[in-house]
Amino acid sequence: MERYDPQAIEAKWQRIWREQRAFEVPNPEPDELERHAQKTYVLEMLPYPSGDLHMGHVRNYMLGEVVAHFRRRHGYAVMRPMGFDAFGLPAENAAIKEGGHPRDVTERNIAAIRRQMERMGWAIDWSRVLSSHEPSYYHWTQWLFVRFFERGLAYRREAPVKWCPNDQTVLANEQVVDGRCERCGAEVEARNLEQWFFKITDYADALLDEMSLLEEWPERVLTMQRNWIGRSEGADVVFEVADLGEHIEVFTTRPDTLFGATFFVLAPEHPLVSRLVEGSEHESAVLDYARHTAARTTVEREEKEKDGVFTGRYATNPVNGERIPIWVADYVLMEYGTGAIMAVPAHDERDYAFAERYGIEIRQVVAPADGSAVDGAFVAHTENEVLVNSGEFSGMPAPEGKRAIVESLAGRGAARAAIRYRLRDWLLSRQRYWGCPIPVVHCDGCGIVPVPDEELPVLLPEVDEYLPKGRSPLAAAEDWVATTCPRCAGPARRETDTMDTFVDSSWYFIRYADAQNDREPFSRAVADYWLPVNQYIGGIEHAILHLLYARFFVKVMHDLGLVGFREPFARLFTQGMLYRDGAKMSKSKGNTISPDEYVERYGADAARMYLLFIGPVDQDAEWQDSGFEGIVRFLHRLWRIAMEQAVKPEVDPLPDTALARKAHQTIAKVTDDIGRRFALNTPIAAVMELVNEIQRAPEDPAARFATETAVTLIQPYASHVAEELWERLGHERLWEEPWPEADPALLAVETVEIPVQVNGKIRDRLHVSPDTPEEELVALARASERVQSYLDGGEVSRTIVVPGKLVSFVT
RNA sequence: GCCGGAGUGGCGGAACUGGCAGACGCGCGGGACUCAAAAUCCCGUGUCCUCCGGGACGUGUGGGUUCGACCCCCACCUCCGGCACCA
C-alpha cells in the first residue's frame, strides 16, 4: 500500500490552492455592497516580524484557520487576511546589533514568516497583505493622524513622561509595567518633555459605556480595560488658603468623610508649593524635599516609608471652617486628581500611616450602623455605615451623607460632583528611527502646521546612524528636517519624532478591507461591508494596549464620518499562551520551538492538529513533545483506513448500521463543538473515536461512508491529507464542499442505558428503548434483582424518573 | 487590598443544561505478528478491598442545598493573571 507522504501531499495541495486562488475573496462590486450577503471577517492579530514563527504563533493562527474553513464550508464569503506589524524597536535594535538597515532586517523576517505560513498551508487571502512600514500603508496612518490633529485629538505639550534609559525613548503609560519598560525591562525614569499625545481621555466614557456593543468578549479583558480606565465618582472640593487668598481643589471619592479631614497634602510638583512657602522659614525644607522627590524614581517613591514636610500654611475645610495644616508629601501624585488631597487618617490607610508618623489628629467620622466611634484608630470601610461627628449630617447613612454634603457645599460654590479617570492620554511620539514619521512641521511664525494631504506620505528618510541618543535619529537628516511651512512658505523644520507602533496597528484591520486603495485609507462602503470583525483572535497580552487603542481609533473614525461602526471587533477570542519549561514561549525568553523541524519530519498537518489537540484554546498550555506522536499515529491510521475503504463501492442509500450512526453522531458533535462552543480540541478526539471504530469494523457496510465523514470533518485541521484522501475517495475540492449535516434519523439511538439508583447510588442499568414510558421504566427497575437486594423490602418513599436518563429510588 | 480565572488518574485533558466521572491522546503493563527489532494490531490501566459475583472510596479543603453535585450556595486553601500611594 502506498505510504502516507506528508511532504509530497502538502506541496501538491499548497500549489493547487495558490494556483486556484482558493482562499482569496474579492470585494463585491460597489453596487452590490448594499445587498446583504453571507460574509464573515475572521482576523488574527498580525505578527510582529521580530523573528521566525514559533509554536505559540502556530496555535494562535490555527484558531482562525479552523474557524475560516468551517465558515467557508457553511457558505460564507470568508475574509481572512494577514499582514505585518513591521515598525518598531526590535527590528531597529536588531539592525543596530547586526549592522544593516532596520528595513532589511524587517523585510527578511517578513519573507521568512510568510514562507513558514505558506508551508503551514493556512487558508489566508494573501491578496490583501499589508505591512505597516510600507509607504502605501503609513501614508494613511499619517493621513489619519492629520485628521486627529485637526480635531484637537492629537496635540503636543510638555508633560511628565516615562523615559526608558535603555531604549532612549519615552513610553506610553501602558508600556510601563511595575515601573519598568515593557520591552527591555529597564527601570523607567520620570522626565518633563514636550511630547505628542492622543486625547484618548475624551473617550473614556465611550470606551466604558460601549462595551455593551461587544457581543462576546472575555469577561477578564473587559475587566482589565475597566480597571485601566479606572473611572471614580466623587466630588471636587475647594479649600481656601485664607492667608494667601488662594484656593486649592481636591478630588475625593469620600466626601462623606470631609469632617474627618485633619490635614491637607500637596504633591511636591504642585504649582502652588513654591508660592505657599516663599520667603517663609519653611521654604528651604520644602523646596529641598521637592527636589529630592524629583530625583527619586517612581519605584523608590512607592517603596519608601511615607514622609513629607509642613509648609507652615493652613487650608480651610469648607464643611466646618476648620483650619488644617498643609503638608507636602510625595505619596500624593501630581498625575492623578488635582495633585492635592484632603487627608482623612481615620478612613484612609495612607493618610493614617502619615498621621501616625507625624502625630496628626485621627478623627473618626464614619462608623458601623450602631454609631460606635473610636478616635485615633483606622476604621476600614464596611457595609451600612453612618456618619458620626459630622455636625448636622451625623446619623445619616454614608451614601446619603455623601450626596447631602456635596449638595450643601455646592450651594456655596465650594464643591461639585466630579468623575476622574485613571486613564491618561496616549503618549504616541517616540525618539526612534524605525517608525511612522509624524506628518507636521514646526514654523516659527505659524507654530505646528500639519503636512497637507497632497504632500503625504512624509517618507522616512535614510539616515546613517539610528543609534538612540535621546533625540530622534531623524534630527540628523538635516536636508530632510529643513523644509518650508505649508502655510506661510517660510522656513520650517519637520517633526523628527516617530509614532508608537501601536498607532500602526490601531486601524490595520480596516485597511485589509480595501488594501489596494491609493486614493484614501479605505472606502467607507467597503469598510462598512466587512466590519466590524466577526471574530478577532489574539493573545491576552494585548487586552489593554492594542485592544483599547484600536477601540479608541474606531470611535474617532466614526465621529469623523469615516466608518459607520463604533467598535472594531464584535467578538474577541483570547487564546491561552503556550508555555515551555514554565515560561511563556517567546523569543526574548529563548525557549521557543520552531515548527520547521516538526513540519519537515512529520508534515504541517501533524503540527496543525497537535497545537489544537494539546488543550482548550482559551487556556494556557505547556508544550510537550510526547503527545505529538499520537497525532502522527492517527494521521497514518487515517491514511491506511481511507486507502482500504477507497477500493470499496459507495453504498446508497446509507444502511442503518452502527458505523453509520457513529458517523452522524460525530458530525453533530464536531459541528456543535466548533460552531457553537469554540471547543477545538474535542472535535479531534471525536474523529479519533470514529476512526477507531472503523478500524474495529472495516466490513460494516457504512465503513466507507464513515471514512469519508472522518476525512471531511478533519479538513479544517489537517487540510492537506484530508484533501488528498477526499480525491482518492473519488471527490474533489473538499475546501469548497458544504459542511456535512447530521441526519436526525440516524442520531436517534435504538437503546439507551439507564442507570437505576437506590439512595443516590447506581445499582443497576436498564437497556431499553429511549421512549420507554415512565411506568414501564419503574417496573423494570423494581424487577431488577440487584435493585431489590438494596431496597431490601424497605418502603420506597420517592421515585424519580428522568425519561431517557435515569430512575432513582429513595427509601 | 480590590477585580478576574483556574484546581479532575502517572501526564495533557473529557464530562456542553444538576443525571453513568476519567472520552481522546501520551505513558505504563500484558499479548499477537517477527529469527529479532521497528512499525502495526489486540487486551488492560483512578485508589483500596475482594470469596472475582462484586464492594467501599474518589474531581483542592470543610460545610450546605438536592433523590442525585466536578457542575449550584457558603467559608477557606493553593496557583495564574490584571489593577493598586488613584485620594
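In what follows, chains carry the letters A, B, and so on, assigned in the order in which the sequence lines appear, proteins first and then strands, with residues in each chain numbered from 1.
- Of the candidates B:C41, B:A87, B:G4, B:C41 carries the atom nearest the A:R640 side chain, counting heavy atoms from C-beta on.
- The stretch residues 330-344 of chain A touches RNA chain B through A:D330, A:Y331, A:V332, A:L333, A:Y336, A:I341, each having a heavy atom within less than 4.0 Å of the strand.
- Residues from residues 677-694 of chain A with heavy atoms under 4.0 angstrom of RNA chain B, sorted by number: A:R677, A:N681, A:T682, A:A685, A:M688, A:E689, A:N692.
- B:G5 sits 49 Å from B:G53 when the P atoms are compared, rounded to a whole Å.
- Rounded to a whole Å, the CG atom of A:L578 is 14 Å from the P atom of B:G12.
- A donor-acceptor pair under 3.5 Å is formed between the side chain of A:Q364 and the backbone N or O of A:V366.
- For A:Q695, the side-chain atoms get nearest to B:C42 when compared with the rest of B:A56, B:C26, B:C42.
- Position along RNA chain B of the nearest nucleotide to A:M224 versus A:G630 favours A:G630 as the more 5'-ward residue.
- Contact of A:Q757 with B:G19 (side chain to base): a donor-acceptor pair of N or O atoms is detected under 3.5 Å.
- Taken together, the paired segments of RNA chain B that extend over three or more consecutive Watson-Crick or G-U pairs, each closer than 3.5 Å at both contacts, are B:1-7 with B:77-83, B:10-12 with B:24-26, B:27-32 with B:40-45, B:46-49 with B:54-57, B:60-64 with B:72-76.
- Of the C1' atoms belonging to B:C71 and B:G60, the separation is 16 Å, rounded to the nearest Å.
- Taking the six-membered ring where the residue is Trp, the centroids of A:W623 and A:Y610 are separated by under 6.0 Å.
- The gap from the C1' atom of B:C70 to that of B:G19 amounts to 13 Å, rounded to the nearest Å.
- For B:G13 and B:C20, the P atoms lie 23 Å apart once the distance is rounded to whole Å.
- Salt bridge A:E189/A:K162: absent, no basic N to carboxylate O contact under 4.0 Å.
- Checking side-chain atoms of A:R637 against main-chain N and O of A:V632 turns up no donor-acceptor pair under 3.5 Å.
- B:C86 atom C1' lies 17 Å from atom CD of A:E249, rounded to whole Å.
- Comparing B:U40 with B:C33, their C1' atoms sit 9 Å apart, to the nearest whole Å.
- Between A:W327 and A:F354, a ring centre-to-centre spacing shorter than 6.0 Å is recorded.
- Picking from B:G4, B:C26, B:C24 the nucleotide with the shortest atom distance to the side chain of A:R220 gives B:G4.
- With salt bridges taken as basic N to acidic carboxylate O contacts below 4.0 Å, one links A:E385 and A:R254.
- Counting to the nearest Å, the P atom of B:G68 and the CZ atom of A:R763 are 14 Å from each other.
- With B:C3, B:G25, B:A87 as the choices, the nucleotide that has an atom nearest any side-chain atom of A:T252 turns out to be B:A87.
- When the P atom is compared between B:G4 and B:C72, the two are found 15 Å apart, to the nearest whole Å.
- Within the 4.0 angstrom heavy-atom criterion, only backbone atoms of the sugar-phosphate kind lie near A:R637; the bases stay farther away.
- The residues A:E322 and A:R363 are annotated as salt-bridged, a charged nitrogen and a carboxylate oxygen being separated by less than 4.0 angstrom.
- The closest donor-acceptor contact from the side chain of A:R677 to the backbone of A:D672 lies at 3.5 Å or more, if one exists at all.
- The nearest whole Å value for the distance from the CG atom in A:D672 to the C1' atom in B:A14 is 15 Å.
- If you check every strand for non-hydrogen atoms under 4.0 Å, A:P218 touches nothing.
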Original post:
Between A:Y579 and A:N591, does a side chain to side chain donor-acceptor pair (under 3.5 Å) hold up when you go through it step by step?
Top reply: CA-CA 9 Å; A:Y579 281 72; A:N591 63 346; over 6 Å; no
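- For the pair A:L545 CG and B:C83 P, the interatomic distance rounds to 9 Å; values are reported in whole Å.
- Across the C1' atoms, B:G12 and B:U17 are found 27 Å apart, a figure rounded to whole Å.
- Rounded to whole Å, atom P of B:G4 lies 15 Å from atom CD1 of A:I544.
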Original post:
Do A:Y289 and A:D330 pass the side chain to side chain donor-acceptor pair (under 3.5 Å) test, and can you show the C-alpha distance, the side-chain angles, and the key distance before you say yes or no?
Top reply: CA-CA 9 Å; A:Y289 181 82; A:D330 66 2; 3.3 Å; yes
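- You'll find that the side chain of A:R696 is closest to B:C42, out of B:C67, B:G12, B:C42.
- Look at CE on A:M609: it is 12 Å from P on B:C26, rounded to the nearest Å.
- Between A:Y336 and A:R420, the closest heavy-atom pair is OH-CB, 3.8 Å.
- Closest contact between the side chain of A:R676 and the listed nucleotides B:U40, B:C16, B:C42 involves B:C16.
- Of the residues near RNA chain B, A:S808 and A:E629, the one whose nearest nucleotide (by heavy atom distance) lies more toward the 5' end is A:E629.
- A salt bridge links A:R231 to A:D205: one of the charged nitrogens lies within less than 4.0 Å of a carboxylate oxygen.
- Annotation: B:A21 and B:A39 have their P atoms spaced 36 Å apart (nearest Å).
- The residues A:D256 and A:R403 are annotated as not salt-bridged, no charged nitrogen and carboxylate oxygen being separated by less than 4.0 angstrom.
- Ion pair A:R416/A:E249 flagged as a salt bridge, since at least one NZ, NE, NH1 or NH2 atom sits closer than 4.0 Å to an Asp/Glu carboxylate oxygen.
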